[in-house]
Amino acid sequence: MLIQRGARINATNMGDDTALHLAAGHGHRDVVVMLLHNKANINAINEHGNTPLHYACFWGFDQIAEDLVNNGALVSIANKYDEVPLDKAKPFLTKMLKDRALALGQDLSKIPFKDRSWLGYKTRSRDALLSRHPGIDIAQLQLVGHVASTHSGETWRGRWQDNDIVAKILNIVECTLRNSRDFQEEFPRLRIFNNPNVLPVLACCNQPPNLVVISQFMPFGSLFNTLHGESGIVVDQNQALRFAIDIARGMEFLHLMEPMIPNFLLTSKHVMIDEDLTARINMADYRFTFHERGKEYNPAWMAPEAMLKKPAEINMKAADMWSFAILLWELETREVPFADLTPMEIGMKVALEGLRIKIPPGISSHMSRLIKICMNEEAGKRPRYDMVIPILEKMKQSS
């Protein structure tokens with residue numbers, strides 16, 4: 001039932017065990033078969049470097065071990081302690097699995113353990129590990145092309161550990177010891193790997209005067225660029241609704257976090273588009289507590305109360321819903337909100353003079369109504385994302 005409702009097959013617990021590790025280690029052959037049928041990562045490694053086959057061998061679950069090998073489990077992957085699954089098995093099982101692996105054409109040469117946790121393939125944050133490390137050396141980054149200069153930092157495209165990445169070098173007046181410490185404390189929370197609609201920060205460089213956040217390269221850039229730039233993507237009504245649903249799911253997930261991540265403004269500039277046209281909320285656009293205090297560069301997406309009240313007095317979830325309404329309007333109209341005004345003029349007029357986006361004719365009555373509901377002047381009357389998602393999905397089905 002969980003799989004049918006979208007449960008992630010390779011999600012991990014705090015020890016990096018997948019469901020397949022646990023099913024194999026507890027002898028649940030029917031669950032193992034079901035997970036394999038749903039394309040579970042058969043050679044996933046946990047924090048000890050063990051694969052599901054290690055556990056099936058250790059606990060003597062012969063049939064499960066055979067099922068795993070028949071489906072591609074490697075008998076020669078070494079864990080952190082240089083032990084392969086066959087080292088954990090009883091002699092008769094070792095011989096059976098070795099013969100089966102050879103018959104299937106496996107190379108029995110030992111595959112040494114390699115820590116790949118930095119890649120972000122795990123579907124949870126590696127906070128405990130990262131808190132013990134200051135980050136990577138900036139010299140490891142191969143920065144090959146300048147992507148953008150913004151108020152928050154300089155963004156470069158590059159390579160790191162044979163992966164395409166973007167590195168954002170924060171713009172700060174002075175990198176003090178305190179700033180460096182705050183950066184190190186805050187950045188692990190941005191390593192959110194367990195939601196497909198959130199783009200995590202993979203790593204950081206904490207080498208004053210350079211504070212750098214590193215994330216995966218997205219070929220189509222931001223949603224803002226997709227809608228208003230030269231990305232080459234044709235955004236029809238169906239695709240616009242797909243983007244809206246992706247963003248809503250990502251924001252719903254962020255709102256469920258305790259405590260919520262502060263200092264993140266939802267705008268089309270802070271949503272990235274993946275190669276499969278999935279919209280992903282970019283954690284690299286988080287504003288660190290020491291970074292640009294009191295400055296707002298994208299007020300067009302901000303709720304009026306967010307510009308008038310102190311942070312502690314703002315209902316952040318309701319303010320995010322206002323920002324989402326602006327995004328819905330942007331997806332529908334393909335226009336930049338308040339494009340004829342400067343950011344300062346926008347902020348003043350939205351906060352103090354009641355300036356609001358105008359919904360033009362031609363937008364469906366359902367979408368028009370949803371935008372208005374999400375922009376209710378009373379913050380407490382705005383809906384939650386779990387209320388909005390079913391409405392958007394119904395719109396998509398009928399489009």
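For this chain, numbers begin at 1 and follow the sequence in order.
With a 6.0 Å radius and a threshold of 12 heavy atoms from other residues, nucleotides or ligands, M348 has its CE atom at or below the threshold. Counting heavy-atom neighbours within 6.0 Å of Q4 CD, excluding the residue itself, gives a total of 12 or less. Counting heavy-atom neighbours within 6.0 Å of H37 NE2, excluding the residue itself, gives a total of 12 or less. Crowding of H151 atom NE2: a count of heavy atoms from other residues, nucleotides or ligands under 6.0 Å exceeding 12. No more than 12 heavy atoms of other residues, nucleotides or ligands shown are found within 6.0 angstrom of CE on M34.
There is no side-chain donor-acceptor pair under 3.5 Å between D87 and Y81. H291 and Y286 share no side-chain donor-acceptor pair at under 3.5 Å. A donor-acceptor contact closer than 3.5 angstrom links the side chains of N206 and S180.
Counting all heavy atoms, side chain and backbone alike, I172 lies closest to P209 at CD1-O, 4.5 Å. V388 approaches F324 most closely through the heavy-atom pair CG1-CE2, 3.7 Å. Here the closest non-hydrogen pair linking A73 and L53 is CB-CD2, 4.1 Å. Heavy atoms only, all atoms of each residue included: N43 and G72 are closest at ND2-O, 3.3 Å. For D182 against F290, the heavy-atom pair with the smallest separation is CB-CD2, 3.8 Å. Contact detail for A279 and D246: the closest heavy-atom pair is N-OD2, 3.0 Å.
Atom CD1 of residue I45 and atom CD1 of residue I77 lie 8.0 Å apart, to the nearest 0.5 angstrom. Taking CD from Q161 and CG from L141, the interatomic distance works out to 10.0 Å, rounded to the nearest 0.5 Å. In this structure, the separation between CD on E393 and CD1 on I245 is 5.0 Å, given to the nearest 0.5 Å. In this structure, OG on S149 lies 10.0 Å from CD1 on I169, to the nearest 0.5 angstrom. Atom CD1 of I247 and atom CD1 of I389 lie 11.5 Å apart (nearest 0.5 Å). Here the CD1-CE distance, from I281 to M272, works out to 12.5 Å after rounding to the nearest 0.5 Å.
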Please table the atom pairs, donor to acceptor, closer than 3.5 Å between any side-chain atom in residues 213-226 and protein atoms at least two apart or in another chain.
from: S222; atom 1: OG; to: F224; atom 2: N; distance (Å): 3.4
from: S222; atom 1: OG; to: N225; atom 2: N; distance (Å): 3.0
from: T226; atom 1: OG1; to: S222; atom 2: O; distance (Å): 3.0

Identify all side-chain donor-acceptor contacts of residues 254-266 below 3.5 Å with residues at least two apart in sequence or on another chain.
from: H255; atom 1: NE2; to: D320; atom 2: OD2; distance (Å): 2.8
from: N263; atom 1: ND2; to: R287; atom 2: O; distance (Å): 3.4

Output a table of donor-acceptor pairs, distance under 3.5 Å, between side-chain atoms of residues 56-67 and any protein atom two or more places apart or on a different chain; print 'none' if there are none.
from: Q63; atom 1: OE1; to: R29; atom 2: NH1; distance (Å): 3.3
from: D67; atom 1: OD1; to: R29; atom 2: NH2; distance (Å): 3.2
from: D67; atom 1: OD2; to: R29; atom 2: NE; distance (Å): 2.6
from: D67; atom 1: OD2; to: R29; atom 2: NH2; distance (Å): 3.4

*Please test V84 against L74 for side-chain contact (heavy atoms from CB on, under 4.5 Å), starting from the C-alpha separation and ending with a verdict.*
CA-CA 9 Å; V84 300; L74 300 175; over 6 Å; no
_salt bridge (Lys or Arg N to Asp or Glu O under 4.0 Å) between K358 and E335, worked out_ = CA-CA 11 Å; K358 291 182 174 61; E335 296 178 11; over 6 Å; no
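Ring orientation note: the planes of F183 and F288 are tilted relative to one another, at an angle of 30° to 60°.
For residues 268-280, the salt bridge (Lys or Arg N to Asp or Glu O under 4.0 Å) pairs, not counting sequence neighbours, are D274-R280. Applying the salt bridge (Lys or Arg N to Asp or Glu O under 4.0 Å) rule to pairs touching residues 362-387 yields E305-R382, R356-E377, E378-K381, R384-D386, sequence neighbours excluded. The salt bridge (Lys or Arg N to Asp or Glu O under 4.0 Å) analysis of residues 72-84, with sequence neighbours excluded, yields the pairs D82-K110, E83-K88.
Two residues are said to be in side-chain contact when any heavy atoms from C-beta on lie closer than 4.5 Å; Y385 and M321 meet this criterion. Considering only heavy atoms from C-beta on, T333 comes within 4.5 Å of P360 through its side chain.
Without hydrogens or angle criteria, E296 side chain to M307 main chain gives no donor-acceptor distance under 3.5 Å.
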